Participant: 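Sharing a structure, written as structure tokens. Questions coming.
Just so it is clear, the model here is predicted, and its values are computed rather than measured.
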Amino acid sequence: MQVPAQFEYARAQSVSHALSLLDRYGPEARVVAGGHSLIPMMKLRLAQPEALIDINDLSELSRIEVEGGELVIGALVRHAELLASAQATGLFPIFQDAERVIADPIVRNRGTVGGSLCQGDPSEDLSAVFAALRATAVIEGRDGRRSVPIRDFHEGPYETAVQAGELLIELRVPATPGAGSAYVKVERRVGDWAVAAAGAVLSVTGGVIERAGIGLTAVGAEHFCAPEAEEYLTGREPGEEAFAEAGRIAAEHCSPQPDQRGPADYKRHLAAELTARALRTAMERI
């Protein structure tokens, strides 16, 4: 029988209230929104928080809008809301690609963007997406707000830059006109964690790549990105040869772990192939 350990429960009415509750209950408190990762862990007693702080009433964290040249996505935005957002997917089709292959409709209806990122799972899809987009995470604590580049946000498996007493507020993505983007995933069955996945964002000016972003998940890429492959692509003409070499470079710098989803060599092969595919599709969408 799966039964969580005893815990306190409080429902936050605002961001400031949530922060005061985090301060009151201390470092053993956990924030809950969708709960699709936290609740199963509590049932198995892999997580035993002393208090749960429910933030589902914080509507100010549910916005999707363009502000100051950036696409702002609140931490409480549901996966289904991001998938349905013409504004977000119109700017960056990579969101539609990724959200369509995250779990199932039940999870997408309740699970949140912020919850996915804060879980810090090495196989999480949106971590690679936001890494490719070079997003910025906005975190708020008792001392105010601070901005953290998403490539510094994940500090290790299940470890993020969000400290005790802090709350992830939103993600900010530079709204680059004319950029192409795509996400490609291999999974054992529909809605499963990725065996491997790659996201790509391309900006092309004058026939050459001005900027490239590559995100990788489930293959041991540090900070979910491939900076060496991005550097290789910058200033080059886009094409099959360049994309294939970028995939090779990305795979070379991965450290995939063998598990029930496949051996390391297979995952490294997927990292190369999926990177090239994502780049190709991103280019087609420019």
Side-chain angles (χ1 to χ4, degrees), residues 1-64 72-82 102-103 106-127 130 135-172 223-224:
M1 189 165 93
Q2 298 180 4
V3 179
Q6 185 174 353
F7 59 89
E8 298 289 329
Y9 173 85
R11 197 171 185 94
Q13 302 302 316
S14 65
V15 170
S16 60
H17 186 212
L19 293 174
S20 69
L21 289 171
L22 284 170
D23 189 49
R24 180 196 306 173
Y25 287 110
E28 296 306 314
R30 294 292 180 269
V31 171
V32 63
H36 285 290
S37 297
L38 179 60
I39 301 303
M41 292 177 67
M42 290 175 62
K43 287 182 177 180
L44 294 171
R45 301 209 176 187
L46 296 174
Q48 297 187 45
E50 294 179 4
L52 288 187
I53 299 170
D54 191 330
I55 62 169
N56 279 289
D57 290 339
L58 308 191
S59 58
E60 63 264 45
L61 303 186
S62 298
R63 64 179 180 142
I64 301 176
V72 181
I73 301 171
L76 202 56
V77 169
R78 313 289 173 177
H79 293 296
E81 292 172 339
L82 184 56
I102 290 177
I106 294 174
V107 172
R108 291 196 292 268
N109 284 338
R110 292 297 299 166
T112 64
V113 171
S116 293
L117 293 176
C118 288
Q119 176 68 4
D121 194 294
S123 298
E124 211 283 309
D125 293 285
L126 289 186
S127 298
F130 283 109
T136 298
V138 179
I139 300 169
E140 185 167 344
R142 61 179 65 88
D143 297 324
R145 292 192 175 189
R146 60 190 179 97
S147 297
V148 177
I150 200 66
R151 295 186 175 194
D152 296 328
F153 182 80
H154 292 101
E155 300 177 344
Y158 305 100
E159 296 181 359
T160 74
V162 181
Q163 302 298 314
E166 292 186 325
L167 198 63
L168 176 63
I169 300 299
E170 62 194 18
L171 289 308
R172 288 182 167 264
H223 301 300
F224 294 93

Participant: Do you know which two heavy atoms are closest between Leu58 and Ala18, and how far apart they sit?
Facilitator: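 Heavy atoms only, the tightest pair is CD1-CB, 4.3 Å.
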
Participant: side-chain contact (heavy atoms from CB on, under 4.5 Å), that's the test. Do Arg172 and Ser147 meet it? Break it down for me.
Facilitator: CA-CA 9 Å; Arg172 288 182 167 264; Ser147 297; over 6 Å; no

Participant: Looking only at heavy atoms, which two atoms of Asp152 and Ala161 are closest? And how far apart?
Facilitator: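 That closest heavy-atom pairing would be O-CB, 4.2 Å.
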
Participant: Kindly state each residue pair satisfying ring-ring contact (aromatic ring centres under 6.0 Å, His included) with at least one member in residues 135-158, sequence neighbours excluded.
Facilitator: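 Counting only pairs at least two positions apart or across chains, the ring-ring contact (aromatic ring centres under 6.0 Å, His included) contacts touching residues 135-158 are His154-Phe224.
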
Participant: How long is the straight-line distance from CG of Asp57 back to CD of Gln13, given to the nearest 0.5 Å?
Facilitator: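 Result: 5.0 Å between the selected atoms.
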
Participant: If every non-hydrogen atom of Ile64 is compared with every non-hydrogen atom of Leu82, which pair is closest and at what distance?
Facilitator: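 Nearest heavy atoms, Ile64 then Leu82: CD1-CA, 4.1 Å.
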
Participant: Working to the nearest 0.5 angstrom, can you tell me the gap between Leu21 CG and Ser16 OG?
Facilitator: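 Interatomic distance, Leu21 CG to Ser16 OG, rounded to 0.5 Å: 9.5 Å.
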
Participant: Output yes when a side-chain donor or acceptor of Asp54 lies under 3.5 Å from a complementary backbone atom of Ala10, and no otherwise.
Facilitator: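 A pair under 3.5 Å: no.
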
Participant: Name the atoms and distances for all side-chain donor-acceptor pairs under 3.5 Å in residues 34-42, with sequence neighbours left out.
Facilitator:
none

Participant: Taking Leu168's backbone N and O only, do any of them form a donor-acceptor pair with Glu170's side chain (distance below 3.5 Å, no angle check)?
Facilitator: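 Checking the backbone N and O of Leu168 against the side chain of Glu170, no donor-acceptor pair under 3.5 Å is found.
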
Participant: Could you state the interatomic distance from CD (Gln6) to CD (Glu50), rounded to the nearest 0.5 Å?
Facilitator: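 That separation rounds to 10.5 Å.
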
Participant: State the CD1-OG distance between Ile150 and Ser127, to the nearest 0.5 angstrom.
Facilitator: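 If we round to the nearest 0.5 Å, Ile150:CD1 and Ser127:OG are 7.0 Å apart.
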
Participant: Please report the shortest heavy-atom distance between Phe7 and Pro49, naming the atom on each side.
Facilitator: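 Shortest heavy-atom contact: CB-O, 3.4 Å.
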
Participant: Let me know which of Val162, Val113, Leu167 forms a side-chain contact (heavy atoms from CB on, under 4.5 Å) with Cys118.
Facilitator: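 Considering Val162, Val113, Leu167, a side-chain contact (heavy atoms from CB on, under 4.5 Å) with Cys118 is found only for Val162.
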
Participant: Do any N or O atoms from the side chain of Glu140 and from the backbone of Val138 form a donor-acceptor pair under 3.5 angstrom?
Facilitator: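 It does not hold such a pair.
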
Participant: Please examine the side chains of Thr160 and Glu166, heavy atoms only from C-beta on, and report whether any two atoms are closer than 4.5 Å.
Facilitator: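 Side-chain contact under 4.5 Å: no.
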
Participant: Of the non-hydrogen atoms in Ala5 and Gln48, which two are nearest, and what is the gap between them?
Facilitator: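 Heavy-atom minimum between the residues: CB-OE1, 3.6 Å.
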
Participant: Kindly check if the number of other-residue, nucleotide or ligand heavy atoms within 6.0 Å of CG (Leu44) is above 12?
Facilitator: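 Yes, because the 6.0 Å sphere around CG of Leu44 holds more than 12 heavy atoms from other groups.
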
Participant: Could you check Arg110 against Asn56 for side-chain contact (heavy atoms from CB on, under 4.5 Å), going step by step and ending with a plain yes or no?
Facilitator: CA-CA 10 Å; Arg110 292 297 299 166; Asn56 279 289; 3.4 Å; yes

Participant: Checking Glu124 side chain against Asp121 main chain: does a donor-acceptor pair fall under 3.5 Å?
Facilitator: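 No, Glu124 side chain to Asp121 backbone: no donor-acceptor pair under 3.5 Å.
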
Participant: Quick check for you: to the nearest 0.5 Å, what is the distance between Leu117 atom CG and Ile73 atom CD1?
Facilitator: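 These two atoms lie 9.5 Å from each other.
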
Participant: At their closest point, which heavy atom of Ile53 faces which heavy atom of Ala29, and how far apart are they?
Facilitator: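 For Ile53 and Ala29, the tightest heavy-atom pair comes out as CD1-CB, 4.2 Å.
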
Participant: So Glu60 and Leu76, side-chain contact (heavy atoms from CB on, under 4.5 Å) or not? Walk me through it.
Facilitator: CA-CA 8 Å; Glu60 63 264 45; Leu76 202 56; over 6 Å; no

Participant: Mind jotting down which residue pairs meet the salt bridge (Lys or Arg N to Asp or Glu O under 4.0 Å) criterion with at least one end in residues 19-31? Sequence neighbours excluded, please.
Facilitator: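 Passing the test, one end in residues 19-31: Asp23-Arg142.
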
Participant: With rounding to the nearest 0.5 Å, note down the distance linking CD in Glu155 to NE2 in His223.
Facilitator: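 Answer for the CD-NE2 pair, Glu155 versus His223, is 8.5 Å.
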
